[in-house]
Structure formats: C-alpha cells, structure tokens
Amino acid sequence: MSSYNPSKLLPWLAALLLASLAANAALLFATQSSFAKLHFSRIFPLGYSEADPQGVSPANEGQVSVAYWGDSRAYSWALAKGGQPWVPVNFAHGSQTSSQTLLQLQSRPVAKTDYAVVQIGINDLHPLGALPGYQRQITDRLKGNIRAIREALLQRSEVVIFTTIFPPAPPPLLRRASWDARTLDHIEQANELIRGLADGRRVLVLDAHALLRGSGAHIDPGYEDPDFFLHVNPAAYARLNEQLAQLLARQPARRS
C-alpha cells in the first residue's frame, strides 16, 4: 500500500491559490471601476467632462451643417465615413441618457446648425431589468425628455431629424441577468412617440428601427457590432446615411 505524500498536493494548492488571487484582483478592479463610474456621473451629471474632446467640426460658410445629438450611437454616426456632402457637428456622447442630453441642451451655449439628428433612448431602456421598481418612471421620463429635446433643438437648428431607437442584438450571457425581456416592447413604444413628432416641415423622422431591424425583433445580423450588442457596424451607418441624404435633399434647410 502506497504511503500518503502531501507534496503531491502542492502543485494543486498553488494553482488554487493563484486562481483565488486572480479572482480577487479581478473583483477589486471591477469594484474600483464601478466606484469610479458612479462618482464620475455624480460629479459630471452630463456624463462627460467638459474638458473631454467632442470631435466638433465647424462648418464653413455655404456648407450644410448637421449636428448629432445623443448617445454613442449618434457619436459613432457623426464619425462614420461615407463621403456625405454635409459637415458633421458632433455633440453626442457615449452612454448618455435622454435626461443628460436634455440637460446638455439646457446648459451649453446655443450653436446654430442647418440640421440636427437625434438618436437617443437606448441607455434609458437597456438598464430596465436592473431597476424593476422604476420602470414606469424611466419610460415616462424618456417620453417627456424626447418632447423637450425636440423643442430645445428647434431653437438651434432649422430642421430637426429624430431617428427611431434601433434595436440591439440579442444580449450576451453576462448581460441577460439584468435584461428585461420587455425592453424591446418599450423601445417600440418610445418609437411610436418619435414617429408622431414629425410635422413634415421642421421636424422629420428617420425610421432607423425599420431600416436596421432583422426578421425578428433584434438588429439585422448584418448590422451587428461584434464588440457590443447595443452598437452597430459601419454597414449600418452607411445605410442610415443613405436615408439621411434623401431626407436632406427633400427638405432643404432655409438659411436665415
């Protein structure tokens, strides 16, 4: 009968110790990151520091200017390359909610542009599963903010183009615990309000949801961003720019 040899366990114990240290280091990093994000949003309620670069491209006289407002979807849209015949003016910021966009409009100096493009709302709605006691307040506030954003932008731009909230890809495994299955329904309810904003003159609607949705309720797989389920790829922005160009051609901004 072989004798018990404790030294044979040492490699396993060392491996377990290393795994524990790595897990604790990852937990510490996640905790510090969450702490920093929480207090950044408390100190900078707009969701960004005013010292952060905004990628603003001023338009020269005679050029058509299009201001982009909203979240990272709008921010990436303003940066999308496609040879479009307008100058993008990027006021969008990643992670912004509709409340933050409205506060931004209320607190920053007025900058006139020919057009304003708005893509906002997904950051209000995707956390609904983590905030079950506040869903009604969040959705009602989103709708009120959308109406107020429209009025604020009419003071800045000759034509305001609201875009419907396009759907996400299916949430990845790590996000499903905080994902509410009714989020897609809430997106559609907000989009009904957005579609109703159009007046055919100074307020237009680009139905991004209809353009980019697949055969089901999620984004078309051909437009998915492989890195993040709420974002879209360059092909999606090319499709949006095609539609935007048509809207701008049909509704020229009147220069004052």
Side-chain angles (χ1 to χ4, degrees), residues 37 40-41 44-59 64-84 86-127 142 145-146 148-150 152-153 156-157 159-169 187 190-191 194 205-209 211-212 219 223-245 247-248:
K37 289 178 180 178
F40 185 93
S41 65
F44 301 103
L46 289 174
Y48 64 92
S49 165
E50 292 184 0
D52 291 344
Q54 296 193 62
V56 175
S57 301
V64 173
S65 56
V66 178
Y68 292 79
W69 296 88
D71 50 39
S72 56
R73 294 169 158 195
Y75 183 88
S76 297
W77 189 354
L79 299 180
K81 306 297 183 183
Q84 54 268 19
W86 60 83
V87 176
V89 185
N90 199 353
F91 294 115
H93 291 274
S95 302
Q96 264 199 343
T97 64
S98 64
S99 293
Q100 290 173 315
T101 297
L102 180 58
L103 179 59
Q104 180 185 2
L105 285 162
Q106 292 170 339
S107 60
R108 69 169 296 130
V110 173
K112 297 284 189 178
T113 60
D114 297 310
Y115 298 90
V117 171
V118 188
Q119 169 64 213
I120 195 66
I122 193 64
N123 290 324
D124 297 71
L125 299 177
H126 80 77
L142 171 60
N145 288 341
I146 287 171
I149 288 169
R150 163 191 158 141
L153 284 176
R156 295 171 175 265
S157 301
V159 177
V160 178
I161 301 172
F162 269 88
T163 64
T164 52
I165 306 166
F166 50 82
I187 288 174
N191 285 340
I194 291 171
V205 170
L206 191 162
D207 199 342
H209 187 278
L211 281 174
L212 303 182
I219 200 79
Y223 297 134
E224 287 184 23
D225 184 320
D227 296 325
F228 190 45
F229 77 110
L230 297 179
H231 292 171
V232 291
N233 62 23
Y237 290 115
R239 183 78 187 278
L240 291 172
N241 275 335
E242 289 177 5
Q243 188 69 20
L244 180 58
L247 281 178
L248 268 57

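Any value given below was found using the heavy atoms of this structure, including those in side chains, with hydrogens, waters and symmetry copies removed. All residue numbers in this chain count up from 1 along the given sequence.
Residues satisfying the salt bridge (Lys or Arg N to Asp or Glu O under 4.0 Å) test with Asp225, not counting sequence neighbours, are none. In terms of the side-chain contact (heavy atoms from CB on, under 4.5 Å) criterion, residue partners of Ala80 (sequence neighbours excluded) are, by chain and number, Tyr237, Asn241. Annotation: side-chain contact (heavy atoms from CB on, under 4.5 Å) contacts of Glu242 (sequence neighbours excluded): Arg239.
Contact check for Phe162 versus Ile146: side-chain heavy atoms found under the 4.5 Å cut-off. Using a 4.5 Å cut-off on side-chain heavy atoms (C-beta onward), Ile219 and Phe166 make contact. Ile161 places a side-chain heavy atom less than 4.5 Å from the side chain of Leu248. Side-chain contact between Tyr115 and Leu247: absent, with no pair of heavy atoms (C-beta onward) separated by less than 4.5 Å. Residues Asp71 and Gln119 meet the side-chain proximity criterion, which asks for heavy atoms closer than 4.5 Å. Annotation: side chain of Ser65 is in contact with side chain of Asp114 (closest heavy-atom distance under 4.5 Å).
Not one N or O on the side chain of Arg156 forms a donor-acceptor pair closer than 3.5 Å with the backbone of Ala116. Judged by distance alone, the side chain of Gln104 and the main-chain N or O of Gln96 form no donor-acceptor pair under 3.5 Å. Looking at Asn90, its side chain never comes within 3.5 Å of a backbone N or O of Ala78 through a donor-acceptor pair. Not a single donor-acceptor pair under 3.5 Å links the side chain of Thr163 to the backbone N or O of Ala208. Side chain of Ser72 to backbone of Ser95: no donor-acceptor contact under 3.5 angstrom is found.
Smallest separation of non-hydrogen atoms from Lys81 and Gln84: C-OE1, 4.2 Å. Contact detail for Ile120 and Ile165: the closest heavy-atom pair is O-CG1, 3.3 Å. When every heavy atom of Thr101 is checked against every heavy atom of Gly70, the shortest pair comes out as OG1-CA, 3.8 Å. The two residues Trp69 and Leu153 have their closest heavy-atom pair at NE1-CD2, 3.4 Å. Residue Ala67 comes nearest to Thr113 through the heavy atom pair CB-OG1, 3.6 Å, listed as atom of the first residue, atom of the second, then distance. The minimum heavy-atom distance between Ser99 and Asp124, with the atom names listed, is N-OD2, 4.4 Å.
With Thr164 as the fixed residue, the side chain to side chain contact (heavy atoms under 4.5 Å, CB included) test singles out one of Leu212, Leu206, Asp207, Ile187: Asp207.
The structure places CZ of Arg150 at 14.5 Å from CG of Leu105, a figure rounded to the nearest 0.5 Å. For the atom pair CG of Asp227 and CG of Asn233, the computed distance is 10.5 Å after rounding to the nearest 0.5 Å. To the nearest 0.5 angstrom, Ile122 atom CD1 is 4.5 Å from Arg73 atom CZ.
For Thr97 and Asn123, the side-chain atoms include no donor-acceptor pair closer than 3.5 Å.
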